[in-house]
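Okay, so here's the structure we're looking at.
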Amino acid sequence: MLTRIRNAHLVKHQIVQIPVTKMSLAIATILKEEGFIEDFESYSENKIEYLLLSLKYIGKSRKSVISEIKRISKPGLRVYTNSKKLPRVLDNLGIAIMSTSKGVMTNLKAKELGIGGEVLCYIW
């Protein structure tokens with residue numbers, strides 16, 4: 001999902017199509033709440049569900065709102081953190097998306113709740 005969004009931003013596409021999973025739906029919800037994407041909707045084609053993400057750009061030059069997306073936890077090397085060592089992305093100008101026992105959330109919300117978990121990605 002992250003690579004599809006990154007590639008779509010590089011070529012300045014307006015929308016990107018992503019297969020629906022619980023994780024991609026949770027990440028899309030966070031991206032919309034934090035203002036990194038305009039909106040998203042799901043649709044079905046040949047019994048396969050997809051998410052259509054509407055990407056967000058600024059001005060006539062169409063500068064992308066998302067500067068960089070960096071995957072942190074990978075299948076070969078999972079990265080976990082506790083509530084005391086939560087990551088800060090660009091001094092809290094960006095967000096870290098985390099998978100916790102209370103669901104998928106940003107690092108700021110995890111800090112409020114005082115829980116840790118797996119660090120999925122950084123977005124700024």
Side-chain angles (χ1 to χ4, degrees):
M1 174 182 185
L2 300 175
T3 301
R4 285 186 185 212
I5 294 172
R6 188 182 312 119
N7 290 342
H9 269 294
L10 287 174
V11 293
K12 304 215 185 283
H13 281 270
Q14 186 63 37
I15 59 171
V16 61
Q17 176 181 331
I18 298 168
V20 173
T21 62
K22 289 180 185 179
M23 183 65 74
S24 65
L25 193 58
I27 291 173
T29 305
I30 290 174
L31 291 177
K32 183 179 178 195
E33 288 173 358
E34 296 294 325
F36 288 107
I37 62 172
E38 296 264 343
D39 200 7
F40 67 93
E41 64 181 48
S42 65
Y43 81 98
S44 182
E45 180 179 299
N46 296 333
K47 297 182 183 179
I48 301 173
E49 289 193 43
Y50 294 101
L51 279 179
L52 282 181
L53 300 181
S54 177
L55 304 178
K56 196 172 189 179
Y57 297 98
I58 300 171
K60 290 185 179 181
S61 63
R62 292 179 47 89
K63 185 178 182 301
S64 175
V65 171
I66 298 175
S67 300
E68 190 171 337
I69 298 177
K70 187 174 183 184
R71 176 81 188 256
I72 302 302
S73 189
K74 297 175 181 157
L77 179 62
R78 300 289 184 191
V79 178
Y80 296 94
T81 184
N82 61 21
S83 61
K84 294 179 180 89
K85 295 182 181 178
L86 290 173
R88 291 180 60 171
V89 181
L90 289 180
D91 206 22
N92 288 337
L93 293 176
I95 61 168
I97 297 179
M98 302 180 59
S99 176
T100 67
S101 59
K102 306 278 186 191
V104 179
M105 62 183 72
T106 66
N107 57 334
L108 303 174
K109 179 135 187 207
K111 186 171 186 165
E112 284 177 13
L113 296 175
I115 56 176
E118 181 182 358
V119 182
L120 299 176
C121 65
Y122 295 156
I123 299 175
W124 66 89

Taken to the nearest 0.5 Å, the spacing of S24 OG from I18 CD1 works out to 6.5 Å

Does the side chain of V89 reach to within under 4.5 Å of the side chain of I123, using non-hydrogen atoms?
-> no

Donor-acceptor contact below 3.5 Å, side chain R6 vs main chain E68: no

- Do I15 and L53 touch side chain to side chain, with heavy atoms closer than 4.5 Å? no

*Mark yes or no for whether Y50, through its side chain, and E41, through its backbone, hold a donor-acceptor pair below 3.5 Å.*
no

Determine all donor-acceptor pairs shorter than 3.5 Å in which one atom belongs to a side chain in residues 79-87; sequence neighbours excluded.
from: T81; atom 1: OG1; to: K85; atom 2: O; distance (Å): 2.7
from: N82; atom 1: OD1; to: K84; atom 2: N; distance (Å): 3.2
from: N82; atom 1: OD1; to: K85; atom 2: N; distance (Å): 3.0

**Asked** How about S54 and Q14: do any of their side-chain heavy atoms sit closer than 4.5 Å?
**Response** yes

Smallest heavy-atom separation, L51 atom then A28 atom, equals CD1-CB, 4.1 Å

Find out whether L25 and F40 are in side-chain contact, i.e. whether some heavy atom of one side chain is under 4.5 Å from a heavy atom of the other. yes

Contacts satisfying side chain to side chain donor-acceptor pair (under 3.5 Å) that involve residues 105-122 (not counting sequence neighbours) are S73-E118, R78-E118

Report yes or no: do L52 and I48 belong to one cluster of Ile/Leu/Val/Met/Phe/Trp/Tyr joined by side chain heavy-atom distances under 4.5 Å? yes

Check: Is there a side-chain contact between M98 and V104 (heavy atoms, below 4.5 Å)?
Finding: no

(Q) In the structure I gave you, are the side-chain heavy atoms of N7 and V11 within less than 4.5 Å of one another anywhere? (A) no

_Whether the side chain of T100 engages the backbone of G103 through a donor-acceptor N/O pair (distance < 3.5 Å, no angle test) should be reported._
yes

Practice prompt. Measure the shortest side-chain to side-chain distance between C121 and M1 over non-hydrogen atoms and say whether it is less than 4.5 angstrom.
Written response: no

Are I5 and I58 grouped together when hydrophobic residues (ILVMFWY) are joined by side-chain heavy atoms under 4.5 angstrom apart? yes

Can you tell me if K12 has over 12 outside heavy atoms packed within less than 6.0 Å of its NZ?
yes

Side-chain contact, heavy-atom cut-off 4.5 Å: H9 with L55? yes

**Prompt:** Do I27 and V119 sit in the same hydrophobic cluster, where Ile, Leu, Val, Met, Phe, Trp and Tyr count as joined when their side-chain heavy atoms come under 4.5 Å apart?
**Reply:** no

- prompt: Does I30 belong to the same Ile/Leu/Val/Met/Phe/Trp/Tyr cluster as V16, with side-chain heavy atoms less than 4.5 Å apart forming each link?
  reply: yes

Scanning both residues in full, the closest heavy-atom pair of K56 with E38 reads CG-OE2, 3.5 Å

